[in-house]
Every structure is written in C-alpha cells, then in structure tokens.
Amino acid sequence: MTVPVGLGGVTEAHAASSVTVKGPKVWRPGQVPEYGDEGSVTVSQTESLTDQVIQVSWSGFTPSVDTSGAPAKSVQQRSSTVLYPVRIYQCRGLDPKITDCYGSSLYGGNPELGFEQPVLPAGVNEPDLPSNMRISVTGTDGSGTAAFEVRSKRLSPSLNCDATHPCSIAVVPNYGGDANDLYGMRGGVPDCNEHMLDLDGVFNTASDFVIDGSDNPTTGAHAGEMCAWAQRAVVGINFAPTPDECGTVAADVVAAGLEMANRAMQQWITGLCLDKSPLGVQYSSGGGEPQARQSFLNGSRVDLGLTALPDPGAPKRPYVYTPLATTGISVVFWVDDQEAGRQIRDMRLNARLVAKMLTQTYRAPGLKLESVDGNPFCIFEDEEFKQLNQLPASSGLKWPPCRGPEYTLPIVLGTATDLTVRLTSWIASDPAAARFMAGEPDPWGTKVNPHYMVPTFQGYPIDQFVREDDTGAAQPAGQPPLADHLKHWKQYEWNPLQTSLNKVLRDLQDGVVTAKQAAPMADGTHPGYAAQPFGTRSLFAIVDSGQAKAYGLSEAALQNEAGAFVSPSRDSLLAAVNTMPVDAATGVQLLPYGQSGSAYSKEQRAYPLTVVQYAMTPTGGLSAEKKAGVAKFLNSVTTTGQLYGVEPGRLPDGFLALTKDQRTQAQEAIAHVQAQDGKWPGNQKPPVEPGGGENPSEPGSGTSGGTSAGTTGGSAGETTGGSGSTGATGTSGSTGTTGGTGTTGGTGGTDNSATTSGTTSGTSSVTDTGGTSSSGTSGTTGGSSSSSGGLGTTGGTSGTTGTTGTTGGTGTTAGGTAATAGTPAKQAAGPGTAATPGQSAGPLAAAPVAAGSPAPDRSGGARLLLPIALIAGAVLLVGGPAALLLGGTAAGARAAGAARTAWTRIRRRP
C-alpha cells in the first residue's frame, strides 16, 4: 500500500477487491458434443463503486467462432454470423430475473411472465441512457475480457443502484439450445439441450441474433435468450455512498469551480456529510474557473473558489491559496483495430499533433477545401503520427483507416476553463508546435489551418475552444453549383460542447462524436452521426485524469520538454510537481513551460499536463460559524482526504496526494482562516487606500493600479473594479522607465448569479452539469485578466525593468506585461502584478500570446470595442432576473455559448 507523500506513517484506505465465481459448464461443440468443466467469471471491483468502468473477465468458456468455424475477432449486437458470444448486463438486485437486466430485450417487463412477455412499449427496455450491455467474444483459449461501465442511480434511475440497493453483474454465454421448438418437433416445448440448431445455416441459435429475442415478439413465445440465461453467472456489486445519500444537510460551506476536481470532491463531500458531526458542502462545478474566481472575489455566495490558476488581478478581499491535490489533463482515446476488432491501448502524441487536431487541420475525403488542401485526412494518415506510433509487427494490430476528420477530432469542452488554458499553454510553449501555429509546415508538408493563425485568430493560449473554420469547398470552374452544405463543410465537423466535462466523457463512452452531418434533413436540421460501435471506434477526448482513470480510458503519452513521452500516473505527476517553482506573489505552483534550464525542462519523468488544484480561501470577513465550516472542510480534505481509496472521504485514482511542502502550505492557510488575520496571497500586501491607509477587509476602490505599477516599472494601470474610477497615471520607473497609463475601471462589481446555478440549495450536493456561464461578469474587476468577461479592462503593457529608460506602453493589457506563452512570469508584490503564467486575457485584452510569442499590440482595437462592451454590460444589467434565470437553462446555455462565440470573434478582429 502506498503512503501519500507528507503524511508519515498513515496507511492507505483499503480498496475493494475483485470477486471470482463459478461459471457454467463449458459446451464442447465437437463431433461428439458434450458439456465439460465449469468455467469462472471475475469482476475486478465489487465494492464502493461509483459511475465508472470495471473489468469483467472469464475463462473456461466456449471459444467464439464465425459460421465457417474460424475464431471470431469481434461481434456486434444482433449478429447472426458469430456463434457463442458472451453478454454482460448490469441488473437490479442480487438474484436478478431477465427483466431486471438493463439492455435485455425484456428489461422492464413483467417478472412473473419471464420469457413469455407481450410486446413491450417503445422505450420501456431502455428508459435511461443508451444500454451499457456489452457483447464480447471468447478467445481460442476459452478466456475473454471486457471493460464494463457500471452506473449508479444518478445515471440509471430505473436500475436504482446505490449504497442501500445492491445490484449485480450477469455474464451470459450463449451456448445455443432450442428455446422455441423452431422445427416444430416437440409441440412447442423448449429444449435447451437440443444443439442441432447451433449452426444450421438458418436459425443459428448460438448467435446473438436469436438470443436477442426480437425474433419472437409475440405473446406466448419464449424469447430466444431463455437457454442462454440458464447458463448465467451472477456477481453482486455494491455502490459507494454519494452526496445524494446524505439527505437534507445545511450548506455550511459553498464551493464553486474546478470540474477537474469533481471525482475527488464527490468523495470528500460524502465523507464529510456522513461524519458523526456532519458538514454540508454545496458544490457547483459548472460555470468554469474564471467565473468561480470572480464570484469568490466578489464575496457573493461562494466561500471557496476552486481553481488551477491564480487570479491575475489585484486582490479584492483577503485570501490565500490552499492546495487540495494534484491531477493531470489527459488526452484520452478509444481506437480499435477494425480488422482485428481489438482496442489499441498505447499512443504517443507531441504538442504539434494535438495542435493539429484542435485546429481543424485535417481535410475531408472527396472535397477540395482551400484551408486544408493537401493535408492528411485524419491523424492516422499523418506521417508524424505514424512515425511516433509504429505498432509492433508481433501485435498484429493496425491503426484504422481515415473516414474523415469528423470521426477523430477530439471531444472537448468549449466553455472557459483552466484546463483549456494549461493545455494550450503547453502547445504554445513547444517550439515545433509554435512554429507550426505560426504557419511553418511540419517536415512532411502539413500546414496549420490558416483560420487558426494570427491575426485572424488570437493565438494560444486560450481559455475556451471555439470552432474557427466554417468554410468549405470552392466552386469548381465550369462545374455545376455546389450545394450550400458543401460550401460550409468545416462548419459541421467539430463542435466543442457547451456543457461539462461529464458530457465530454459521456459522449466518449457512448461512441458519439460532436460532428453534425453537413447535408441537411428535409426540415433543415443537421443530425449527428450514429454512435461508433465497439470494435470500430476512433475517438479522442480531453478530460481530467481522475475521470480517465475511473473509466479505464487509454491516456496518451505526451512529450515533455526533456523529450520523453510520459502518461499520467502518480509517479509522473509527482516528478512534475517536484520541478514546479512557487510563485512568490501567490504561493501557487505551475509548470514553468518554455523556461530553458529549468528543472522541469530536464526532468524526463514529468507529465507535461500536471495541474495542482487550489481553494481560494478567505482570511477575513467570515462569521464564527462560517469560519469553523471552512476550516473543517480544509482540515479534512488536506489530511484524511489525502489517503488513496474508493471510500467516502478518500482521494480517488487519478489524483496525487499533497507533498510535504504543500501540506505545510495548507496548514498555514487553515491557520489564517481560523485567525481571520487578513492575510493576502503569497507576499502581497493589502492595497493602499487613496488616503494612505490600508484596508485589508474591503474591496479595492479602483484607484490603486497605475501608480503602483508605474513605480516599479512593472504592470501599469492595474485598476481594481468596483467604483469604476480611472487608474492613476503611472509614475516614473525606478531608473527612468515610465509606467503605462491606466484606463477606465469596470462598470461595477456586479456578480454573475449563474455561478452557482445548478446546485441544490440547502443540501450537501455535488453538481457537475449545472451553472452554465453567461456572457460574463460585468465589471467585476477593472483591469484584471478575467476570462469571465469583465468590462473594465485596464492595466497596460508596462515599461521594462526600468534600467533602459524605455517608456511603458499604454493601458491595454490586463494584468500587465504579457508573458511568453506558458512562461511563468514572477508577480511583483502589491496589487500591480504580472500576468498569470500562460493565462489568456479577458475579452478586451489586447496582447494575446500567439504561438509562443507576444502578438502585436492592438490597443486601438480594444479602445474602439470598449463602448460596445459597456453597451453589452448595460444590456445584461437591464436583463435582470430573466437574463440570470436563462443562465441555468438549456436555452440559456445555447444563448450564452452563442454570445461567447460572437464576442470572441469580435475581439479577435485586428
């Protein structure tokens, strides 16, 4: 057992063990057919289950064959050409009937009727998500295995599996047998020992088609699965408690943000609410980290802002960053060798290959698309990919052929999130990827889609993915006019999701890509593509490592700055954390992308998308009751919550426990909470009020920016939002450098109430899909680099260090000098701080980082857009409750997504 770093001799919570049970006697369909010895079935985890994937394996079963007798490599549901397949079900109860097993054609029927059911109404046997039933084959050695998704009551209410309602896994081999007297020789009496129809060329009773039951849909007929069901093996499973089991518990602590921490938060919150002295935690992961940071800073309903990046603006209230755990950002894939029907589990990707997928750089078969003409059809035909991923000849595996980019472009979240910032910062800091994004072809001639190049595109890093290319095929000379959908083909091939990381994961599990069919239906709609069945998948997605590990997904090994390809694991996350510098201004750790000579640049074991997760923790203004709740939550999470395990209160797989130094930082943060001593992040000091005094417990008045930044020659015009006053003109730098002139502050500290929409008020809850962000917080922080869309942008590119006498730039870049993509810029003490490492600027920021280098200044464009921003802010304010209400609805989500997309396009115009 592993002891989390920094916790001395505390042992790890014991994980649930696997269970093996006896299987049916094997059927030997030889010249003298007979039954042989019993087989066995193993389920990898049966206790403390959540919504996750487990492994189901078996041995001593009849090998699956095709109708010619050759070994079957794969099987699809309702196949009549593969004999002796195996079905796996999740079922209600510990002694299920066929009507209790989700995915059966009789699920939801009358249990008293068994296999003699009337025709069931449409939808009865699949009332929840698409079926999680798996059908698989047995190898020539009699063994087989399948990754099987188990679902709690949250995902499958009709199964009702939770901590108080056990369920089961049923493994059903189809060994044939005549359930329906198909040749009419027994007066309709079933005989499961009659195997002459197993392979007769007509019925094939040992095939999936017959056991499906759809061939006998009339009252009184026995569904063909009756004989197979008689051979089943059943293993009981139990689910872990969730916040739903906590009942009504008062919300002592309200937290928001950091969907990457969702798996850990679910277990932590459950442990706290089931404690002898329960603590209720209300948590919303919807809305994104930028919005969560702003809601916390505004002091509106959010006690803890969960984040992976430090806020770039001057602090508006006293707080510190408390480390919670470390995780990774995973590029996951489900790719099958479509000839062998086997899943390929290993893949190497570098930053340039990931950039190609995220920039619609691949072309569509049969179409001449100007933006990507001459490029490969998908990643599997990319020469760079093929060189990095040469499959051993001994494996017998082959990468699938390209069907078009729409089948392989990654499923991604399109709302503003720290995950996107760190991923695109890694890409921007990679020299080869940066040159590619700037227009340099790769060594094999593949070019970036020009719609993702500066100045058309703002460049990486960004905080949200937006499809940039809506073009299509050009009109061929002398040919008939093209259909409209061909003129906009790229518009339909990739659609970042405006919901949650859980939806990204759900689509991957269901085999659903985000592409829409370009050719419209009669009603003008563009439907999605059919789900990719098991054995023929070519799917990619970007999620957090906690979700990837829970669902047993294959995670690509990514190239780090030392040149090694590393996949996320506890060891690789720890190696990365050990190279992370601590930013003195905030106390936050980030990988120092692009810093040659750094410890990270030399560490071959480090996973390049490692992320430390923090809670923005208030150190002033809390009531005694609230202070006690926050302290208890943090104490629990940073002590017993660092023990690895699947039980409530523990740290799940995919996360790394705090290091010794991080534990010390957490303990110090908790002490500041308990003392309510007004401590500020890192080495920062309380803002200086106009009269010269310090007020550590009140929001800034919007006047502290320009002077402070100009004095140090650092970030200029860092005006704190709230009163909307104009930042002071920066004074001379220490050795002659003139600070930038601050621009007008925000329109007021209006909080966006959509931050916590989707949570359950008054209960201890985890909400992972609600809280859709609206178009942004109106003027919450004038001058901060707020991804949520503050309207009061201030603070320009500052002067240099003051040693050369160079005049600082005008106040256009939020948060001061733009750092080179992904390069940690040390923040100066006091409210005028440098830009957050690798973080994209807010909507009116005018110096985005493109392909690893600063983009040309666009201050004029930003000033022209300011009136538009103010008008937009007024509209949001006038909209009042109706506008806020829409933020939590599907219509509101669509409207918010459209608004963000439109605004993004406006702000990117040169």
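Here the structure is a predicted model, which is why all the values come from computation and not from measurement.
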Qualifying residues under side chain to side chain contact (heavy atoms under 4.5 Å, CB included), relative to Q674, sequence neighbours excluded: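 Partners of Q674 under the side chain to side chain contact (heavy atoms under 4.5 Å, CB included) test: A631, N635, I670.
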
Set of side chain to side chain contact (heavy atoms under 4.5 Å, CB included) partners for A261, sequence neighbours left out: L258, M265, Q613

Closest approach of [X] to [Y] (non-hydrogen atoms, all atoms of both residues):
{"X": "Y614", "Y": "G587", "result": "OH-O, 4.1 Å"}
{"X": "M260", "Y": "A308", "result": "CE-CB, 4.1 Å"}
{"X": "P323", "Y": "T638", "result": "O-CG2, 3.7 Å"}
{"X": "R317", "Y": "V302", "result": "NH1-O, 4.1 Å"}

For [X], which residues count as a side-chain hydrogen bond (donor to acceptor under 3.5 Å, both in side chains) partner, sequence neighbours excluded?
{"X": "Q589", "result": "Q662"}
{"X": "T417", "result": "E289"}
{"X": "T617", "result": "T322"}

First locate atom [atom1] of [X], then atom [atom2] of [Y], and finally report the distance between them rounded to the nearest 0.5 Å.
{"X": "L656", "Y": "S545", "atom1": "CG", "atom2": "OG", "result": "10.5 Å"}
{"X": "L324", "Y": "L658", "atom1": "CG", "atom2": "CG", "result": "7.5 Å"}
{"X": "L573", "Y": "T610", "atom1": "CG", "atom2": "OG1", "result": "4.5 Å"}
{"X": "L419", "Y": "I329", "atom1": "CG", "atom2": "CD1", "result": "4.0 Å"}

Between the side chains of D677 and T619, does any donor sit under 3.5 Å from an acceptor?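 Side chains of D677 and T619: no pair found under 3.5 Å.
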
Output yes when a side-chain donor or acceptor of [X] lies under 3.5 Å from a complementary backbone atom of [Y], and no otherwise.
{"X": "W268", "Y": "G641", "answer": "yes"}
{"X": "Q676", "Y": "V673", "answer": "yes"}
{"X": "Q282", "Y": "V254", "answer": "no"}
{"X": "S636", "Y": "F633", "answer": "no"}
{"X": "K632", "Y": "L279", "answer": "no"}
{"X": "Y600", "Y": "N578", "answer": "no"}
{"X": "R422", "Y": "V611", "answer": "no"}
{"X": "D583", "Y": "V588", "answer": "no"}
{"X": "T326", "Y": "V612", "answer": "no"}
{"X": "T420", "Y": "A416", "answer": "no"}

V582 and Q665: side-chain contact (heavy atoms from CB on, under 4.5 Å), yes or no, with the steps? CA-CA 11 Å; V582 177; Q665 181 184 357; 5.7 Å; no

Is there any ring-ring contact (aromatic ring centres under 6.0 Å, His included) pair reaching into residues 302-324, and which pairs are they, with sequence neighbours excluded? F296-Y319, Y319-Y321

Side-chain ion pair, D418 and R293, N-O less than 4.0 Å: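 Salt bridge flag = yes for R293 with D418.
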
